[in-house]
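This report refers to the structure that appears directly beneath it.
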Amino acid sequence: MTILLTLAAMFALLLARVPVAFALGGLGLAMLLLGGFSPLMAPQAILSTLDGFILLAVPLFLLMSNILLRAGVGNDLFAAVSAWVGHWPGGLAVATILSCGVFAAISGSSVATAATIGTVAIPEMINRGYNKKFVYGLLAAGGTLGILIPPSIPMIIYGFVTEESVISLFLAGIGPGIALLIFFILFSMVYARMGGQEREPKQGWAERRRATLKALPAVILAVLIISGIYSGAFTPTEAAAIGFAASLIITGPIMRVLTWDALKKAVFDSMATTVAIILIIAGAKIFGKAITLYRIPQDISMMITQGIDTDLGFILVVTAVLLVMGLVFEALSMVLIMTPVLLPAALALGFDPIWFGVYMVIMVECALITPPVGLNLYVIQSVAKARLGEVASGVAPFLILMFVTAAILYVWHDLALYIPFKL
Amino acid sequence: MFDRFMLFLAWAAAILFVLAGCMLTYEVIARYFFIRPTIWAAELSQLCLIWGALLGMPWALAARRHIAVDAVTRLFSPTAQRGIEIAAMACIFAFSVMVTYKGWEIFYESFERGRTSGTMLDLPAWVAELPVAIGFALLAIQAVIEIVGLLRGKDIPKGAHE
Amino acid sequence: ADLTLRISLQLPMKSHLGQNLLMFKNEVEEKSNGDIEVQIYDSAQLYKDKEVPAAVGSGAIEMGVASLTRYVGDVPAVDVFYQPFLLDTEEKVRKAVAPDSPVRAPLDAAIADTGATVLWWQAYGGSIMLSNGGPIKGPDGLKGQKVRVFSKTQGDFISAAGGAPTLISGSEQYIAYQRGTVDVGMTGMSGVKSRQLWEVMDTVTTTNDADIEFIVVVNTEFWNGLTDEQREIISTAAVNAENDVRDRMSAIEAAAFDEAKANGMTIYHPTEEEMAAWREAAKPVYEAFLAHTGDLGKQVFEAAQKF
Ligand code: NA
Ligand code: NA
């Protein structure tokens with residue numbers, strides 16, 4: 001009964017356009033007061049959230065990708081990749097996905113990835129006669145690689161709330177990220193072949209060299225971040241700081257493509273996004289304390305472990321719950337609300353917490369592209385000035401490929417766990 | 001006037017985050033190239049995050065940059081939307097007042113007791129606790145300003161999707 | 001139940017501190033015929049270790065478990081337990097942590113000023129150093145090395161010995177050792193076992209440079225509001241829990257050492273000469289401690305030295 005009332009109150013607040021942070025925090029505080037618990041827990045939870053060293057990585061990764069975005073790195077990256085693979089069947093689509101993959105390695109956010117690559121790739125592909133819906137779907141889905149290929153803000157947050165190693169999570173995202181990348185590329189090639197998409201001319205070596213040199217900073221940054229994380233040179237927060245400093249130096253004094261005005265915009269945008277993200281985490285923490293004291297996660301965990309005794313059954317339930325939630329919930333609140341509820345049951349069934357984190361991130365990717373609430377859909381909608389319906393119908397095939405990847409990950413845990421633990 | 005002040009604080013927050021990035025970069029370089037980690041970089045950059053997030057919050061409300069779900073409200077008539085928005089702002093106001101009050105208690109206790117953080121720098125604990133009370137007090141004022149504006153017929157800002 | 005005691009714990013239930021709380025819970029619930037209910041919130045569901053002093057002191061929660069040195073912000077003298085090599089044998093530790101000892105009693109009294117009453121102390125064992133490719137033979141072995149530490153005092157000690165202290169959280173420890181983010185780690189033997197650190201480090205040096213203690217505290221206002229009978233039941237269970245974990249600590253540690261050995265780790269005990277060098281290196285830390293902890297610091301430090 002308490003569970004249903006809580007859910008109803010939460011939906012009412014969220015749907016009344018109370019910002020997610022204050023809906024969760026306010027409901028949590030109200031529950032504390034009603035249950036006779038100390039309201040001091042609310043500011044304590046806010047402080048506890050802000051005191052997380054790992055969360056410093058959030059503004060810094062945002063600064064890095066916003067600086068690159070404002071410096072026009074998306075253009076250069078897409079041009080360079082196109083110069084190499086543009087003449088393949090579906091070449092521009094392949095170039096788009098590969099660009100998303102590279103940008104994902106320097107950005108922790110799906111929205112930033114979709115926006116950066118989408119701004120360049122959408123007009124280009126549509127000019128060359130690609131089907132609109134396919135293009136929108138490709139970009140919306142390709143953008144979600146931003147949170148699976150490290151760095152990843154949802155992974156930072158999952159690590160923060162579960163006290164699991166963020167570095168391990170990052171490394172575990174690489175395998176499934178590459179798998180998804182390959183599926184998207186293969187699908188694009190087949191789609192373009194079957195649709196009779198005209199091939200692009202092959203670029204000469206001089207052109208390839210010129211384009212690659214221009215895009216080199218982005219690639220170097222991506223390599224720096226991934227190898228720094230992999231080699232253990234940096235903690236996640238340090239990787240973010242180095243990435244921020246490197247992006248500033250490369251686009252500023254070295255390449256001279258970052259204007260003062262662009263820098264100001266990048267800095268201010270990063271602040272706005274950081275404030276929004278951090279406050280949602282704080283609000284979810286208050287809410288989390290309240291429901292823990294009402295013993296709601298404990299009860300749900302118990303119900304799950306008593307009612308479901310097979311791994312497959314559990315994962316199917318998790319998938320269904322996250323998909324339904326993902327229709328209307330924004331990605332971060334999903335991770336924040338569901339992790340404390342689902343993880344204890346997952347651990348009781350013997351799932352690896354890092355593996356489970358990666359699985360949840362794939363579900364969050366799905367949530368980002370399912371209507372009615374899907375941030376990547378909104379981004380592509382506004383970048384392409386398209387209708388939401390067009391974008392939403394274009395993502396369907398990509399959604400299926402994401403399920404396939406999730407299924408492979410379920411059958412073969414090492415797709416995620418090999419790189420962090422066995423390599 | 002107040003909105004200019006909030007924008008100023010938002011810029012201060014943005015600069016604090018940049019500062020955090022600079023300090024942590026310095027820390028990595030000091031540690032890896034000179035084997036001389038600092039004792040201040042981690043803690044001061046954490047303070048930048050705490051102050052920055054809380055000082056940027058009221059501006060983010062005015063600019064509707066906090067993530068909200070408008071899938072349902074946008075189906076309503078403009079008048080109904082305005083009414084719902086006023087109710088939402090009232091919720092934020094109530095929450096902020098309570099957090100300000102209790103956050104002040106936390107600050108005041110640490111301040112009175114002279115509690116320190118007990119970390120490498122051993123700063124007074126209240127330095128990290130004060131911004132909760134300040135940030136939420138400003139947020140409460142901002143919520144009132146929004147309500148007054150909505151009652152006077154101001155349009156609901158569209159905000160941005162993150 | 002008439003009364004609910006909520007306890008916040010940083011570690012999981014399967015840790016020996018969690019099991020110790022479970023013992024307390026069972027005894028209290030049984031003796032009170034279920035009138036007192038004890039709820040344990042493990043794995044930092046409600047509060048992280050460092051937040052416990054403020055949470056219990058302010059009455060936001062009835063009870064909590066915190067590492068003793070988390071009180072350093074209120075009572076700097078608690079760091080006496082982290083003074084390198086001051087309490088480096090089980091015998092000295094037992095003397096120091098006895099409820100009426102000249103080290104513990106003044107600390108309990110000082111903690112009472114924060115609004116929290118100390119119910120019992122939970123033994124956690126000594127601090128050790130982890131390394132790869134051989135033991136740390138004295139402070140010279142730390143020169144130019146990046147060292148994971150978990151407290152300010154340890155940081156001071158490592159700096160004094162010529163190493164580079166780096167604060168790394170418990171959860172990032174494994175990967176930090178595996179990837180070489182730090183070369184040397186300081187932790188307790190229980191942590192080595194629960195995080196299977198033998199997969200990434202091959203040598204334990206038993207420096208015993210600090211004695212790690214946890215304390216279970218109850219909000220004083222709440223405590224004073226209980227009936228004599230309730231307080232009696234709780235105090236008795238607390239004493240039993242304290243004795244139980246203290247008596248079992250050496251066995252727990254020995255088991256952890258055995259398991260580490262079975263998993264391929266080398267256990268190295270410093271020689272007398274090395275210990276002398278370690279102690280010499282620790283002197284600046286003692287001086288710093290005495291300089292900023294006032295009369296209470298001096299009082300407990302001198303008492304500890306006499307054991
Ligand atoms: Na990424
Ligand atoms: Na969705």
Rounded to the nearest 0.5 Å, what separates atom CD1 in B:Ile67 from atom OG1 in A:Thr273?
8.0 Å

Contacting moiety of B:Glu85, where chain A heavy atoms sit under 4.5 Å
side chain

Does any backbone or side-chain atom of A:Phe53 lie under 4.5 Å from a heavy atom of chain B? Answer side chain, backbone, both or neither.
both

Any idea which of A:Val267, A:Leu332, A:Ile278 has the most non-hydrogen atom pairs under 4.5 angstrom with chain B?
A:Val267

Taking every non-hydrogen atom, the tightest pair across A:Val275 and B:Gly52:
CG2-O, 4.2 Å

For A:Leu13, is it the side chain, the backbone, both, or neither that has a heavy atom closer than 4.5 Å to a heavy atom of chain B?
side chain

Residue pair A:Ala16 / B:Thr73: nearest heavy atoms and the distance that separates them
C-CG2, 4.0 Å

To the nearest 0.5 Å, what is the distance between CZ on A:Phe268 and CZ on B:Arg65?
7.5 Å

Please flag which part of B:Leu55 lies under 4.5 Å from any non-hydrogen atom of chain A: side chain, backbone, both or neither.
neither

Interchain contact, A:Pro59 with chain B, by part (heavy-atom threshold 4.5 Å):
side chain

Most contacts with chain A, counted as non-hydrogen pairs under 4.5 angstrom, among B:Glu105, B:Met23, B:Met98, B:Glu43:
B:Met98

Which heavy atom of A:Leu63 sits nearest to which heavy atom of B:Phe17, and what is that distance?
CD1-O, 4.2 Å

For A:Pro19 and B:Ile92, which heavy atoms make the closest approach, and how far apart are they?
CD-CD1, 3.6 Å

Considering only heavy atoms, which portion of A:Leu40 lies under 4.5 Å from any heavy atom of chain B: side chain, backbone, both, or neither?
both

Here the gap from B:Lys102 atom NZ to A:Ile46 atom CD1, rounded to the nearest 0.5 Å, amounts to 13.5 Å

If you tally heavy-atom pairs under 4.5 Å against chain B, which of A:Ala21, A:Ala42, A:Pro39, A:Ser270 wins?
A:Pro39

Hey, could you give me the CZ/CD1 distance between A:Arg17 and B:Ile156, rounded to the nearest 0.5 Å?
6.0 Å

Crowding at OH, B:Tyr108 (>12 non-hydrogen neighbours, <6.0 Å)
no

Determine, stepwise, if the pair B:Trp59 / A:Met271 fulfils side chain to side chain contact (heavy atoms under 4.5 Å, CB included).
CA-CA 11 Å; B:Trp59 168 83; A:Met271 180 279 301; 3.7 Å; yes

Under a 3.5 Å distance rule, please check whether B:Thr25 uses its side chain to pair with a backbone N or O of A:Ala245 as donor and acceptor.
no

Who wins among B:Ala13, B:Ala20, B:Gly103, B:Ala10 for the most heavy-atom pairs under 4.5 Å with chain A?
B:Ala10

Rounded to the nearest 0.5 Å, what separation is found between the CD1 atom of B:Ile84 and the CG atom of A:Leu15?
9.5 Å

How are the rings of A:Phe22 and B:His66 set relative to one another: parallel (under 30°), tilted (30 to 60°) or perpendicular (over 60°)?
perpendicular

Approximate separation, where rounding is to 0.5 Å, of A:Thr237 OG1 and B:Glu27 CD:
11.0 Å

Counting only heavy atoms from other residues, nucleotides and ligands, does the tally under 6.0 Å from CH2 of B:Trp104 exceed 12?
no

Taking side chain as everything from C-beta outward and backbone as N, CA, C, O, which of these in A:Leu29 sits under 4.5 Å from a heavy atom of chain B? Side chain, backbone, both or neither.
side chain

Check whether A:Leu33 gets within reach of chain B through its side chain, its backbone, both or neither, counting any heavy atom under 4.5 Å.
side chain

Is A:Ile286 in contact with chain B via its backbone, its side chain, both, or neither, using a 4.5 Å heavy-atom distance?
side chain

Go through A:Leu47 and B:Val132 one step at a time and tell me if the side chain to side chain contact (heavy atoms under 4.5 Å, CB included) criterion holds.
CA-CA 8 Å; A:Leu47 275 168; B:Val132 173; 3.7 Å; yes

Heavy-atom cut-off 4.5 Å, strictly under: side chain, backbone, both or neither for B:Leu139 against chain A?
side chain

Chain A contacts, top residue of B:Ala60, B:Ala14, B:Pro131, B:Cys91 (heavy-atom pairs, under 4.5 Å):
B:Ala14

Taking A:Gly52's backbone N and O only, do any of them form a donor-acceptor pair with B:Gln46's side chain (distance below 3.5 Å, no angle check)?
yes

Check whether A:Leu56 gets within reach of chain B through its side chain, its backbone, both or neither, counting any heavy atom under 4.5 Å.
both

Report which part of B:Phe136 has an atom under 4.5 Å of a heavy atom belonging to chain A: side chain, backbone, both, or neither.
side chain

If you compare all heavy atoms of A:Leu50 against all heavy atoms of B:Leu49, which two are closest, and at what distance to 0.1 Å?
O-CD2, 3.7 Å

Give a yes or no on this: more than 12 heavy atoms of other residues, nucleotides or ligands lie within 6.0 Å of atom OH of B:Tyr26.
no

